[in-house]
Amino acid sequence: MVNLSSNMKLIFDVETPSYKQGKRFRNTIVRNPSVMPQYFAIIGKKDNPIYEAEFTSQQGQQGQLQQGFQQNLKELNAFILHASLDIVEDLQWQVSPNAQHGRGGLSGGFLRSKNVNNTDNCYLGKVDHFYGLAITAYITYGGMKLVMIHGGPPNGNTQIDDNMVKSFYQEVHELYVKTLMNPFYKVNEPIPSPAFDSRVRALAKKYLNR
Amino acid sequence: MAIYSFWIFDKHCNCIFDREWTLISNSASGTINSKQTEETAKLLYGMIYSLRSVTQKLSRDDTANDVRSISIGKYRIHTYCTASGLWFVLLSDYKQASYAHVLQYIHSHIYVKYVTHNILSPYDFAANENETRGQGFRKIGNRNFISSLEAFLAPMIAQ
Amino acid sequence: MSAPAQSKSLKAIGEDTWKNKTEKVNAELFTLTYGAIVSQLCADYDRDFQKVNNHLFSMGYNIGVRLVEDFLARTALPRCENMVKTSEMISKCAFKIFLNMTPQVTNWSSEKDAFSLMLDENPLSDFVELPMDAMKQLWYSNVLSGVLKGALEMVQLDCDVWFVSDILKGDPQTELRIKLNKVLKDEVPIGED
């Protein structure tokens with residue numbers, strides 16, 4: 001069993017190597033959102049992941065790649081994501097709070113999110129959190145769940161820029177639809193294409209790690 | 001204007017369809033693909049073929065010449081030949097000078113629609129080597145083709 | 001002088017027929033239908049891509065022998081005198097009418113009996129990515145070679161048609177080569193020759 005407090009310490013250590021250089025980093029990290037890593041996955045209808053990717057920003061301090069998540073925690077990423085799937089599914093089939101009476105009791109409230117209040121309702125916003133990591137989700141019309149863990153500054157909760165994250169999800173959704181158009185791709189299969197991978201990473205750079 | 005008969009020849013020198021009208025007053029009279037017309041078909045083919053080959057040799061420059069109509073005694077033979085070797089032949093009286101548009105319509109809207117686009121109908125009516133060069137006997141039996149052809153030509157049978 | 005004037009009118013015939021005399025179908029439906037055919041063939045033949053290629057070719061042949069009749073019915077064009085005219089008719093009229101694209105004619109052989117069509121856009125293969133094992137062997141749009149072979153055979157031109165390169169395989173462009181073997185003679189009734 002992993003000792004959580006020791007994990008918090010470990011997060012401190014890895015995400016702040018410049019501490020050892022004696023630089024005043026604290027404010028830098030809070031103001032510089034590009035240090036935030038993300039772990040993104042597309043989950044199929046049978047809860048099988050068909051695509052996973054970790055996005056980090058390459059800070060390149062001393063030529064070192066900033067590791068997004070600490071090594072121990074990395075293994076938990078998949079578990080964290082899957083744990084949040086229950087909440088996502090709840091939201092997916094949640095009855096709309098605005099259901100009109102007299103139109104048949106349960107009006108099949110598809111994709112009503114508590115957090116986001118707009119007409120295109122695929123984006124569910126922040127659905128869950130895990131010790132300071134935020135998890136956002138997006139459901140496609142075919143029932144594929146796009147979920148992402150946002151790692152953040154170790155002090156306090158992660159701030160999520162809803163608009164940027166939503167745009168990211170929408171563009172990944174478009175890429176996913178294009179993948180579906182490929183006749184050699186069967187639904188619910190893993191996405192092997194390196195072109196898809198590189199495009200998703202480019203989108204991540206564009207929207208998530210400014 | 002009166003139409004006496006309508007023939008289709010394919011590129012294997014076979015007559016694959018013929019329709020003769022015997023009574024001007026009755027558009028339902030006459031024969032379809034009957035055996036008695038086979039001799040006539042061969043003679044008709046021979047005449048058109050000879051005249052066509054002569055006209056092609058007579059053509060100047062590079063433009064290909066082709067027979068459009070042959071006027072004989074009491075009737076006129078109108079021909080429409082496609083690049084794929086299909087001949088649509090119409091025998092009529094002298095009232096109308098050209099039936100090219102009629103024959104073109106039959107080709108594009110009736111033949112192509114009911115014979116060519118019909119996957120279950122053969123596009124080549126000679127099943128083997130022995131049925132080429134004028135020795136074939138298969139005809140278009142497609143009911144849709146025949147009924148739409150009748151519907152199209154019936155008003156023109158008599159006037 | 002007459003050649004450019006005629007080729008312009010071929011282009012005009014192609015565009016006019018495309019605009020006015022053809023029924024249109026949704027392009028994505030067409031692409032997805034063809035994609036379904038190819039992927040099902042690959043599954044049916046157990047990934048033996050040579051057989052898939054041959055099957056696509058024979059499917060195309062059956063389409064081509066009928067399609068040429070449709071083409072002649074729409075355009076009422078006469079037979080071409082030489083391969084140059086044939087190539088123009090194929091690229092400016094036929095491809096325009098049926099696929100709304102005009103491939104470029106290039107790479108003429110020295111005797112003017114073989115040429116290449118460069119397809120810069122291929123509606124059959126939109127959104128397609130070949131899996132690794134297919135990339136080496138499968139000619140995805142092989143139905144097009146069959147169509148051209150069948151169509152040319154019906155106008156008495158015995159040709160070989162094959163794909164030289166394909167963007168889906170990683171080549172820089174899609175090239176389709178057509179080579180005339182011989183001009184078939186029109187049949188003469190027995191007794192006349």
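Owing to the predicted nature of the structure, the values given are computational and were not obtained by experimental measurement. To find a chain, count down the sequence lines: A is the first, B the second, and so on, and within it residues start at 1.
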Less than 4.5 Å apart, any side-chain heavy atom of C/S39 and any of A/Y185? no

Step through the shown structure and confirm whether more than 12 heavy atoms of other residues, nucleotides or ligands are within 6.0 Å of [atom1] on [X].
X: A/K186; atom1: NZ; answer: yes
X: C/Q104; atom1: CD; answer: no
X: C/K24; atom1: NZ; answer: yes

Write out, in numerical order, the residues from residues 192-203 of chain A with a heavy atom short of 4.5 Å from a heavy atom in chain C. A/S193, A/A195

Drop me the distance from A/N182's CG to C/T31's OG1, to the nearest 0.5 angstrom. 12.0 Å

Residue part contacting chain A, namely of C/Q40, when any heavy atom lies under 4.5 Å: neither

At a heavy-atom separation under 4.5 Å, does C/L138 approach chain A through its side chain, its backbone, both, or neither? side chain

Smallest heavy-atom separation, A/P183 atom then C/A36 atom, equals CB-N, 4.2 Å

Chain A-proximal positions within residues 123-135 of chain C [heavy-atom distance under 4.5 Å]: C/F127, C/V128, C/E129, C/L130, C/P131

Using the test side chain to side chain donor-acceptor pair (under 3.5 Å), find all partners of C/N181 that sit at least two apart in sequence or belong to another chain. C/D160

Results of side chain to side chain donor-acceptor pair (under 3.5 Å) for C/D171 - residues two or more places apart only: none

